[in-house]
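Each remark here refers to the structure printed beneath this line.
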Amino acid sequence: MTVRVRFAPSPTGYLHIGGARTALYNYLFAKKNGGVFLLRIEDTDQERSKKEYEIEMMKDLKWLGIDWTEGPDCGGEYGPYRQSERMNLYKEKAWELVSEGKAYPCFLTEAELEELSQKAIAENKAPHAYHTKFRDFPLYEAKKRVDAGEDYVIRFKTQQKVYHLKDHVRGDVDFGEDMVGDFVLLRSNGMPVYNYCCAIDDWMMKITHVIRAEEHLPNTLRQLMLYEAFGVTPPQYAHCSLLVGEDRQKLSKRHGATSVKQYIEMKYLPEALNNYLCLLGWSHPDEKDIFNKEDIVDVFTMDRFNKAPALYDVQKLNFFNGQHLRKLPIAELVGLASDCLPSHHPFQNQTAEWKNQAMEIFKEKIQLITELEAVLEIIFRTEVMTSDEYQEIWSWETTGQMASYLKEQVMALTAPATAEQFQAWGDHIKTELKIKGKPLFKGMRAVLTLEAEGPDLKIVIPLTPVAVLKERMTKF
RNA sequence: GCACCCAUCGUCUAGCCCGGUCUAGGACACCGCCUUUUCACGGCGGUAACAGGGGUUCGAAUCCCCUUGGGUGUACCA
């Protein structure tokens with residue numbers, strides 16, 4: 001049997017970091033097992049679902065490189081892949097259950113429902129509508145009321161028994177018999193409910209493994225009940241640990257940037273995000289930590305999922321981003337820099353050779369490509385960067401001495417100084433002005449860059465435009 | 001309230017299933033040193049954890065029980 005897995009988001013917002021991780025796990029599992037990874041859109045909540053979000057989610061998944069072979073955009077053998085287009089199926093199956101006596105129309109009003117849940121609470125039970133009075137209502141009576149246009153929902157007739165789940169992450173899980181009441185399948189507006197659609201679709205789409213977040217664990221019970229009613233073998237389940245924020249609560253918007261879209265905007269690398277997310281709740285068998293998702297499909301197994309919730313830490317993500325940035329071919333890095341820097345930035349006008357050299361040294365100094373602009377200042381800036389150390393360097397007598405010499409040299413320049421020229425300046429200062437050691441190098445740096453620290457001057461100075469260099473000479 | 005889940009350095013985790021090789025390993029962050037006549041990168045090193053209590057056992061981070069702490073769920077949301 002070929003492995004079939006799915007990612008089934010609701011288009012009620014942008015793709016969440018947690019969703020991205022779930023999608024990644026499913027994707028990896030499918031790849032590892034030569035299976036199919038499909039995308040299903042769960043848009044049964046008409047109020048909150050938006051087409052716009054569906055489009056954005058697909059874009060975000062593609063950006064991450066998580067590709068599906070069946071889905072709402074590309075179709076497939078088991079479509080349609082949008083739940084809003086499968087309404088007839090859900091209704092049909094619901095009434096099938098009704099006719100078999102496994103579900104029933106229920107005419108309870110909101111007030112009656114409220115009363116039921118109060119009663120349950122009073123009995124120290126969960127506030128469910130356990131069994132309603134319409135549970136054993138004669139079907140022909142019910143149908144009459146339905147035909148008369150009375151409001152109703154279809155409820156599932158739950159069995160009072162313990163259900164057992166063998167979960168790939170959680171192990172053996174027992175669900176007590178009072179955990180759910182007669183839950184709703186079809187709402188009064190005719191729309192089916194998540195737990196029900198999900199079960200039908202996983203079944204109809206021949207899903208073999210459901211990999212999802214732990215918050216769905218209680219839902220699995222309902223789905224198990226449904227499969228039992230339909231006489232179908234359920235898929236295998238793996239409920240991964242949750243992603244949590246600083247306060248140890250489920251990661252949500254209030255924890256900061258939690259949508260993939262935000263990370264795209266902040267110019268993170270997709271592979272860095274994948275890499276970091278993958279390691280939140282899963283571990284590499286050889287404890288490797290920096291990798292691309294394609295590197296690990298061979299070793300990806302579900303038995304390496306960690307059960308405990310994982311705290312999302314942007315600082316560590318930044319580290320991963322830096323690592324991936326450094327691994328990038330230089331041409332790609334230059335492309336990234338050009339995209340990220342403003343169009344009027346002087347970087348844009350430099351030669352290809354110049355850009356390559358610059359990226360080669362500056363990539364070591366940044367974790368995010370957006371930090372590049374600040375770091376390039378050492379080449380383009382004409383303002384003095386004051387710091388205690390900078391002030392101190394200028395308080396040395398030697399600095400003033402070499403300043404006038406360097407100023408002369410710079411003003412005579414007609415093209416950027418070569419590394420050889422720079423070297424000659426240093427030699428001159430050493431032999432003629434008798435300055436050496438720290439005062440020599442620190443001093444030259446202060447004079448030429450108006451700053452106390454930065455990358456190797458031998459490389460930086462030849463990259464610095466003459467005009468910039470000359471202007472700097474007027475600042476002291 | 002009730003049900004379920006979880007528990008190793010501040011954080012992500014390895015080890016746990018198949019007890020001894022664990023004076024508990026790696027990574028982020030932090031600190032120090034080396035390298036670089038600066039900064040960063042890199043290298044080396046350091047601080048830092050088996051929640052607590054009972055068992056079982058010659059021996060427990062590993063198995064069992066309890067306590068505590070945390071989380072999730074409890075809908076005509078997904």
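Chain letters run A, B, ... following the sequence lines, proteins first and then strands; every chain starts at 1.
Spacing between atom NZ of A/Lys438 and atom C1' of B/U36 amounts to 14 Å, rounded to whole angstrom units. What separates NZ of A/Lys288 from C1' of B/C12 is a distance of 18 Å, to the nearest Å. Put simply, CD on A/Glu246 is 10 Å from P on B/U11, counting in whole angstrom units. Distance CG (A/Asp45) to P (B/A75): 16 Å, rounded to an integer number of Å. In this structure, A/Gln323 atom CD and B/C12 atom P are separated by 20 Å, rounded to whole Å. Rounded to whole Å, atom P of B/C39 lies 11 Å from atom CD1 of A/Ile393. The nearest whole Å value for the distance from the NE2 atom in A/His164 to the P atom in B/C5 is 10 Å. For the pair A/Arg155 CZ and B/A75 P, the interatomic distance rounds to 10 Å; values are reported in whole Å.
Judged purely by atom type and a 3.5 angstrom limit, A/Asp295 uses its side chain to pair as donor or acceptor with the backbone of A/Asn292. Although no hydrogens or angles enter the test, the distance criterion places a donor-acceptor pair under 3.5 Å between the side chain of A/Asp43 and the main chain of A/Gln83. Counting only distance, with no hydrogens or angles, the side chain of A/Arg135 and the backbone of A/Thr158 share a donor-acceptor pair below 3.5 Å. With A/Gln249 contributing its side chain and A/Gly245 its backbone, the two residues share no donor-acceptor pair below 3.5 Å.
Checking B/G71, B/U37, B/A14 against every side-chain atom of A/Arg304, the shortest atom distance belongs to B/A14. Out of B/G71, B/G25, B/U11, the shortest distance to the side chain of A/Asp313 is found at B/U11. Taking only side-chain atoms of A/Pro218, from C-beta outward, the nucleotide of B/G73, B/A40, B/U72 with the closest atom is B/G73. Checking B/C6, B/C76, B/U38 against the side-chain heavy atoms of A/Glu389 singles out B/U38 as nearest. When distances are taken from the side chain of A/Lys250 to each of B/G73, B/U38, B/C41, the shortest belongs to B/G73. For A/Glu42, counting side-chain heavy atoms from C-beta on, the closest listed nucleotide (B/U38, B/A29, B/A78) is B/A78. When distances are taken from the side chain of A/Pro309 to each of B/G15, B/C6, B/G73, the shortest belongs to B/C6. Closest to the side chain of A/Val173, from the set B/U11, B/C5, B/U72, is B/C5. Checking B/C39, B/U74, B/A29 against the side-chain heavy atoms of A/Phe319 singles out B/A29 as nearest. Considering only side-chain atoms of A/Glu364, the nucleotide from B/A40, B/A27, B/C39 that sits closest is B/A40.
Relative ring orientation between A/Phe137 and A/Phe134 is described as perpendicular, the plane-to-plane angle rising above 60° on a 0-90° scale split at 30° and 60°.
Between A/Leu311 and A/Ser188, the residue anchored closer to the 5' end of RNA chain B is A/Leu311, taking for each the nucleotide with the nearest heavy atom. Projected onto RNA chain B by closest heavy-atom contact, A/Pro285 and A/Lys442 fall at different nucleotides, the more 5' of which corresponds to A/Pro285.
Across all strands shown, A/Gly171 has no heavy atoms under 4.0 Å from either base or sugar-phosphate atoms.
If you check B/C17 for Watson-Crick or wobble pairing at under 3.5 angstrom, you find it has no partner at all.
Remark: the separation of the P atoms in B/G71 and B/C22 is 36 Å, to the nearest Å. A distance of about 14 Å separates the P atoms of B/A14 and B/C63, rounded to the whole Å.
Results of the side-chain contact (heavy atoms from CB on, under 4.5 Å) test with A/Trp282 over A/Leu28, A/Ile296, A/Asn306 single out A/Ile296 as the only residue that passes.
One N or O donor and one acceptor, one from the side chain of A/Lys316 and one from the base of B/C12, sit under 3.5 Å apart. For a distance-only test at 3.5 Å, the side chain of A/Glu287 qualifies as a donor-acceptor partner of the base of B/G25.
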